[in-house]
Chemist: 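Sharing a structure with you now.
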Protein chains: 4
Amino acid sequence: MRVREGNKEADILDAAIKVFAKNGFHNAKIYKIAESAGIATGSVYLYFKNKEAILNKIFENLWGQLYQAISELKQRNDINSIDKIDQLINLFFNIFYNKPELAIVFVNEQINVSHKKDGLWLKYNERFIEDGEEILTDGINKGVINPNINVKAFRYFLLGGLRYMLDNWAKDQKALSINILRQNVKLIIKNGILS
Amino acid sequence: MRVREGNKEADILDAAIKVFAKNGFHNAKIYKIAESAGIATGSVYLYFKNKEAILNKIFENLWGQLYQAISELKQRNDINSIDKIDQLINLFFNIFYNKPELAIVFVNEQINVSHKKDGLWLKYNERFIEDGEEILTDGINKGVINPNINVKAFRYFLLGGLRYMLDNWAKDQKALSINILRQNVKLIIKNGILS
Amino acid sequence: MRVREGNKEADILDAAIKVFAKNGFHNAKIYKIAESAGIATGSVYLYFKNKEAILNKIFENLWGQLYQAISELKQRNDINSIDKIDQLINLFFNIFYNKPELAIVFVNEQINVSHKKDGLWLKYNERFIEDGEEILTDGINKGVINPNINVKAFRYFLLGGLRYMLDNWAKDQKALSINILRQNVKLIIKNGILS
Amino acid sequence: MRVREGNKEADILDAAIKVFAKNGFHNAKIYKIAESAGIATGSVYLYFKNKEAILNKIFENLWGQLYQAISELKQRNDINSIDKIDQLINLFFNIFYNKPELAIVFVNEQINVSHKKDGLWLKYNERFIEDGEEILTDGINKGVINPNINVKAFRYFLLGGLRYMLDNWAKDQKALSINILRQNVKLIIKNGILS
DNA sequence: CATGAATGAGCCTTCATTCAT
DNA sequence: AATGAATGAAGGCTCATTCAT
């Protein structure tokens with residue numbers, strides 16, 4: 001039998017991230033992904049049921065990583081809630097630091113991932129949200145975070161802000177350093193923009 | 001494209017917003033838009049060159065409106081920069097207050113709008129950005145806004161946060177009132193989350 | 001609007017019968033059917049949901065015709081059961097007399113027709129069988145048909161014999177006249193082969 | 001194609017009969033046949049040139065058996081023509097008695113067997129037909145069979161009837177015993193259905 | 001001989017766009 | 001202007017067959 005050299009599944013995922021980032025999910029052609037992965041078109045289907053399953057796997061990996069990290073973060077006793085949110089922000093920048101194409105996919109293709117309950121990414125996502133809200137609530141209860149902040153509203157705003165920053169950075173990395181973005185998020189989130 | 005009584009162009013745009021919001025640009029069928037607009041499929045092409053042109057027009061209208069509003073806002077002398085940013089935030093919530101479907105299209109389909117230079121929306125968008133940055137810079141110069149804030153980073157963060165909030169609100173309007181969202185953005189932006 | 005000339009649905013069915021007869025259902029290409037019908041490939045799908053639906057329609061028409069005919073035959077009072085069976089045999093030969101390709105499809109593609117309950121052909125087929133068995137049972141009860149004949153076995157044998165005859169005739173019409181076949185079926189069925 | 005212990009060629013043929021019977025030739029997947037035969041997909045091609053060759057072999061074996069049997073039958077002097085036809089009918093029922101799946105393949109997939117002259121099954125088939133017609137002609141000449149019977153028409157009718165009976169029996173063996181079918185064929189063929 | 005991963009030709013189907021009326 | 005039937009390019013996916021091991 002022919003033995004697989006390397007990891008074809010990973011090759012396909014990497015190729016798909018590139019093609020999805022460049023063309024968007026709907027304009028991404030399977031044969032382009034296969035070409036980029038250095039395999040034949042049909043071989044894609046040895047590893048993934050269909051085009052959507054590739055995108056699902058990308059998000060499964062991503063949200064799995066995000067959930068794993070926030071889960072550990074939540075349990076730490078050595079830092080307070082504000083520092084945990086600081087680390088949470090770092091988390092996003094670190095994950096995408098060397099992967100601008102992944103950032104573009106993360107931000108723009110979430111809408112195309114299947115929301116069927118069989119998706120593992122959805123579970124990770126839900127748990128991530130739970131842990132994130134828990135960190136915030138904990139901060140409010142402990143008096144370090146403004147109790148007037150609505151947890152859900154904060155989540156939307158922070159995540160949305162991060163996503164849009166990452167997307168813009170990824171599309172033109174020279175325009176603005178990722179670290180400037182990181183610092184500004186933290187600054188605004190913690191202190192607002194008043195001088 | 002002559003516009004008759006009943007304004008079919010507007011009918012098509014309204015229909016397209018509904019269908020784009022529900023299915024996404026790539027899964028939106030022209031015949032569904034036509035059906036929703038109460039005209040025949042082929043008639044869509046009397047008013048728009050193609051599917052993309054419909055989306056372009058939606059964004060042209062939107063960014064035109066946004067530019068118009070920020071332009072006026074910028075020139076006001078009766079309020080300071082912080083209040084102008086306050087009004088800017090209001091602007092977004094007000095525009096989409098009764099148009100959740102338009103919010104969904106605004107947030108999710110920006111990526112599908114042609115970036116060719118012939119697009120009027122792009123000009124409005126650029127000018128909107130210019131005016132927005134001017135308001136912020138002005139605030140910094142006048143000492144009311146923290147000078148450590150990077151103008152571009154702030155723009156990405158605020159717009160991203162607003163977009164994501166609006167998207168989530170639009171998809172489940174009962175979950176969180178739009179005014180809670182509005183208040184929280186302002187609170188966070190101005191004061192941060194520290195208690 | 002473009003007005004249909006002739007009857008495209010009928011054109012497609014005729015074309016499909018030709019292509020199915022020549023290549024079999026699974027080797028029949030939609031573009032070949034379209035070509036034969038004088039239309040574009042995509043136009044086939046204006047009239048039929050998919051390839052299978054074309055075959056279904058062919059069988060719906062056929063069994064509808066057969067059911068209609070046997071239904072009338074059953075109710076006749078002017079002829080006895082034996083004559084009804086005689087007419088039943090005629091029925092098959094008459095239907096396919098000028099349509100050898102249809103005969104080939106009828107015999108060979110029945111197996112590829114969907115047996116889902118939504119198929120109208122199935123209802124016609126079931127009713128045809130009911131009426132056929134009724135005619136035979138009636139003949140037995142009235143003493144004109146040998147009571148040792150099993151109704152179902154007879155049905156299988158007669159229909160199978162007719163089908164195979166028609167198939168062979170259709171594939172080589174010069175080899176044996178359809179009327180010789182017709183006479184022989186009747187002869188054998190009624191009297192057997194003993195001299 | 002060397003045959004080893006366990007006779008993989010036979011295993012493949014048995015597996016193929018099952019899969020062909022269940023799904024039909026065109027919906028039968030090679031990997032399913034291999035799976036059922038307990039070998040790897042690629043190994044099928046060590047024993048058969050391609051999918052069609054498997055079907056050819058099935059028919060070669062079948063028609064070889066049928067030819068062999070009719071050949072012996074033809075030469076017998078101890079029974080008359082009518083009894084030979086009786087035995088001929090038995091022949092079909094006996095061959096498929098314990099092999100309903102083979103019956104289904106025999107009846108439905110004949111159309112998919114290659115008719116290229118290189119097929120051994122075709123020779124057996126032709127010789128079978130010759131011998132069968134000879135038996136009938138002999139019966140006519142000896143006055144035991146009705147001389148009005150057309151030999152070819154009789155062949156079509158009998159074989160068609162038998163095929164269809166076997167197919168229906170194989171698909172629902174509980175509905176009607178194979179022996180009832182057998183008796184009815186003989187009854188009808190010999191005496192007709194008149195009472 | 002045996003394996004099963006890899007290949008890639010091939011086709012059904014969709015749907016944005018066109019155009020005869 | 002309006003219609004909607006007709007078009008046909010395009011691509012996701014299947015699976016018989018191959019071949020490196």
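Every chain is numbered from 1, with letters handed out A, B, ... down the list of sequences.
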Chemist: Whole angstroms only, please: what is the CD1-C1' distance between A/I54 and F/dG11?
Modeler: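 So the two atoms are 14 Å apart, to the nearest Å.
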Chemist: Can you find a pair of side-chain heavy atoms, one from A/I39 and one from A/D11, that are under 4.5 Å apart?
Modeler: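 No, their side chains stay 4.5 Å or more apart.
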Chemist: Between B/K123 and B/E126, is the closest basic N to carboxylate O distance under 4.0 Å?
Modeler: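 No, no charged N to carboxylate O under 4.0 Å.
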Chemist: By nearest atom, which of the nucleotides F/dT17, F/dA6, F/dA1 is closest to the C/L46 side chain?
Modeler: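 Nearest to the side chain of C/L46 among the choices is F/dA6.
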Chemist: Please convert DNA chain E into dot-bracket. A pair counts if it is Watson-Crick or G-U wobble with both distances under 3.5 Å; crossing pairs go in [ ] and bases paired with another strand get |.
Modeler: .||||||||||||||||||||
Chemist: With DNA chain E as reference, determine whether B/G42 or D/G42 sits nearer its 5' end, using the nearest nucleotide of each.
Modeler: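 On the 5' side of the pair lies D/G42.
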Chemist: Of all the nucleotides listed (E/dT7, F/dG12, E/dA16), which has the minimum atom distance to the side chain of A/K51?
Modeler: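 Looking only at side-chain atoms, A/K51 lies closest to F/dG12.
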Chemist: For B/N27, does its backbone N or O pair with a side-chain atom of B/K32 as donor and acceptor, under 3.5 Å?
Modeler: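 Checked: no pair found.
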Chemist: Assign each of A/G38 and B/Y45 to its nearest nucleotide of DNA chain E by heavy atoms, then name whichever residue's nucleotide is nearer the 5' end.
Modeler: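 Of the two residues, A/G38 wins.
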Chemist: From NZ of A/K49 over to C1' of F/dT14, roughly how many Å is that when rounded to an integer?
Modeler: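 Between C1' of F/dT14 and NZ of A/K49: 14 Å.
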Chemist: If you measure from the Lys or Arg side-chain nitrogens to the Asp or Glu carboxylate oxygens, is any gap between D/D167 and D/R163 under 4.0 Å?
Modeler: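 A salt bridge is absent here (no side-chain N lies under 4.0 Å from a carboxylate O).
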Chemist: What's the CG-P distance between C/N7 and F/dA5, to the nearest Å?
Modeler: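 Distance check: C/N7 CG to F/dA5 P gives 14 Å.
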Chemist: Do NZ/NE/NH1/NH2 and the carboxylate oxygens of D/K18 and D/D14 come within less than 4.0 Å?
Modeler: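 D/D14 and D/K18: not salt-bridged.
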Chemist: In whole angstrom, give the distance that lies between atom CZ of D/F20 and atom C1' of F/dA16.
Modeler: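 Whole-Å distance recorded here is 12 Å.
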Chemist: Using OP1 and OP2 only, check whether a side-chain N or O of A/S43 sits under 4.0 Å from E/dT7.
Modeler: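 Result: yes.
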Chemist: Think B/K8 has a side-chain N or O under 4.0 angstrom from the OP1 or OP2 of F/dA2?
Modeler: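 Yes, because at least one side-chain N or O of B/K8 sits under 4.0 Å from OP1 or OP2 of F/dA2.
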Chemist: I'd like to know whether NZ of B/K22 has more than 12 heavy-atom contacts from other residues, nucleotides or ligands below 6.0 angstrom.
Modeler: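 At most 12 heavy atoms, drawn from other residues, nucleotides or ligands, come within 6.0 Å of this atom.
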Chemist: Treating A/N125 as the side-chain partner and A/W121 as the backbone partner, does any N or O pair qualify as donor plus acceptor under 3.5 Å?
Modeler: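 No, A/N125 side chain to A/W121 backbone: no donor-acceptor pair under 3.5 Å.
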Chemist: Going by heavy atoms in the side chains, are B/I58 and B/F20 under 4.5 Å from each other?
Modeler: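 Answer yes - side chains close enough.
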Chemist: Please examine the side chains of A/F25 and A/V113, heavy atoms only from C-beta on, and report whether any two atoms are closer than 4.5 Å.
Modeler: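 A side-chain contact is absent here, since even the closest heavy-atom pair is not under 4.5 Å.
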Chemist: Heavy atom of residues 22-37 of chain A under 4.0 Å from DNA chain E: which residues?
Modeler: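 Those residues whose heavy atoms fall under 4.0 Å from DNA chain E, taken from residues 22-37 of chain A, amount to none.
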Chemist: Starting at CD1 of C/I12 and ending at P of F/dA5, how long is that distance when rounded to a whole Å?
Modeler: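 It works out to 13 Å between those atoms.
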